[in-house]
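To start, the structure itself, in structure tokens.
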Amino acid sequence: TAPARSDAIDLIMTHGRIRTPSGWAEALAIRDGVIVAVGDAKSIEARHTSETRVLDLEGATVLPGLHDVHVHPIYGGLSERRCRIAQGSTLKETQARVQACAKNAAADAWIFGGQWDASALGRIPDRAALDAVASKNPVYLEDTSGHSIWVNSKALALAGVTRQTPNPPGGIIERDKSGAPTGVLRESAVDLVFQHVPPPTQQEVNDALAWSARTMLSFGITSFTEAAVGFSAGAEKELRAYAVMADAGLLKQRARLCLTWTPDERFEANLASRNAIARDRVSPDCVKIFLDGVPTDSHTAAMLEPYQGAIPGRTDEAARFGLLMVEQSKLNEAVTRFDRMGLTVKFHAAGDAAVRAGLNAIEAARKANGFSAQMHNVGHCTFVAKEDIARARGIGATFEVSPYLWGPTPINDDITSAVGPEVIKRVWPVREMIEAGALVVPGSDWAVVPSVSPWIGLETLV
């Protein structure tokens, strides 16, 4: 007797190697997008009806879908169409690439792209090196971390950045001995130039997300967390892109969206209207808070102990200990509020002082609101004090780590030079986190890293 329609199987996958928690199976059955049976080929194929599609795997392997908990899909898609510079490029290679991009660009058009590393270039760059190969076009190049930019003289002029321009709160304009801008800007100072770069159109943003979603799906990433909505094209366009993709049936993954927190009316408006973007596969229920920068040549990650390396021309406190972007009292208040609203908070926290600030804020939220389903996560955790590792489990905090960055990449040379040989010994202490019983989750941080392949992160963790 044929099964009733309510029990009919939509798809049978058979003659494969299917990984389950208890071992390997040969076949599985799916109904309404849900796996309803797993077992040997004979028993599963017995559930076949005239409406069932059968896929012969011919020995192929089936694995559970993977979740990338920290990814920037729109940034990744947009980067594909910009002036791409391979990570680890030398100064001559970078100049040649910029020159080629300028040759193909319209007069006065922005040359926008990246990525560069000071260690690979051989020194912290300056505007003169870009002026030599692209003086007629404004040039804007992001470093590997995305926290610093390198621009030429024309870009500085268009942005009105001069020796009289003060450092903005949470930002640094690198200067030469005479006080003139060198062309390198850090953290919030990036916005002084970025606001003058023509923004991508809505269609470009939509296309970027579509390309990235397909790319992630090809690697088996079936759900992901967009780590910083607004990072590339502004929150409004990026939120709209997710809604458009979902409504068109083009978003095959489930996506959690983290709205980048800024203490202003624009953020509050997007936060208040977030449910207008919510879809079956889109959950705008996360807030991203940047606590510091990165522990590279920029010295912008907030550290408990001073950096070892010196920055020419800088003797300020930030050069020694980095930048903590949010005062602890304001951070506690914000996280407590978001927790009460049912929103998960994701922190950017690379330095151990920033990680401590994030944990302090989670602890404040637990004391005010009690424990909740929101497992707030402290992201990157490049350096973490031992006593803070021990705190996480007790306050229900998640350590989000970035194993894609652990390999022999140029950014690690920058970090080693900045913090010194002793501090680097405890970089990314993921084993200590696991042994402390904390929840530890990995994310790629693509397109800060060159590939979104989850196998890179899995291999590095092992």
Side-chain angles (χ1 to χ4, degrees), residues 1-71 73 76-77 206 209-226 241-257 275 277-286 344 373 375 439 441-444 446 451-459 461:
T1 303
R5 181 65 192 94
S6 60
D7 295 327
I9 301 301
D10 302 320
L11 172 66
I12 287 175
M13 303 174 75
T14 188
H15 301 136
R17 284 178 51 79
I18 298 165
R19 184 65 183 173
T20 76
S22 57
W24 295 93
E26 190 179 18
L28 59 79
I30 296 172
R31 180 174 62 238
D32 295 331
V34 176
I35 297 172
V36 294
V38 181
D40 62 87
K42 185 177 180 180
S43 64
I44 298 300
E45 289 175 13
R47 306 187 65 163
H48 177 275
T49 73
S50 60
E51 299 179 30
T52 304
R53 183 166 68 95
V54 177
L55 176 61
D56 191 332
L57 296 172
E58 299 179 348
T61 298
V62 178
L63 299 174
L66 297 168
H67 180 94
D68 192 331
V69 79
H70 190 128
V71 69
N206 294 355
L209 178 57
W211 180 86
S212 290
R214 290 194 302 270
T215 299
M216 289 191 289
L217 202 61
S218 75
F219 283 110
I221 298 170
T222 56
S223 61
F224 62 87
T225 298
E226 159 61 83
Y242 276 99
V244 168
M245 278 276 291
D247 291 344
L250 299 175
L251 186 65
K252 306 302 182 181
Q253 297 101 327
R254 290 177 175 83
R256 161 176 270 183
L257 309 184
N275 284 336
I277 304 298
R279 302 290 193 274
D280 180 49
R281 295 175 185 263
V282 180
S283 302
D285 60 356
C286 174
T344 297
M375 295 297 292
L439 177 61
V441 294
S444 69
W446 182 68
S451 173
V452 75
S453 170
W455 308 110
I456 299 171
L458 288 168
E459 178 186 7
L461 281 167

Any [X] side-chain heavy atom under 4.5 Å of [Y] side chain:
| X | Y | value |
| --- | --- | --- |
| Thr344 | Asp285 | no |
| His70 | Val441 | no |
| His48 | Ile12 | yes |
| Leu217 | Phe224 | no |
| Glu45 | His15 | yes |
| Arg19 | Thr61 | no |
| Val54 | Thr14 | yes |
| Arg254 | Ser283 | no |

- Exceeds 12 heavy-atom contacts within 6.0 angstrom, atom CD1 of Ile30: yes
**Prompt:** For Arg53, does the CZ atom have more than 12 heavy-atom neighbours from other residues, nucleotides or ligands under 6.0 Å away?
**Reply:** no
Original post:
Does a donor on one side chain and an acceptor on the other come within less than 3.5 Å for Thr215 and Ser212?
Top reply: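 No, no side-chain donor-acceptor pair sits under 3.5 Å.
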Using the test side chain to side chain contact (heavy atoms under 4.5 Å, CB included), find all partners of Arg279 that sit at least two apart in sequence or belong to another chain.
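Applying side chain to side chain contact (heavy atoms under 4.5 Å, CB included) to Arg279 gives Ala243, Ala246, Asp247, Val282.
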Enter the distance from Ile277:CD1 to Tyr242:OH here, rounded to the nearest 0.5 Å.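 Output value for this atom pair is 11.5 Å.
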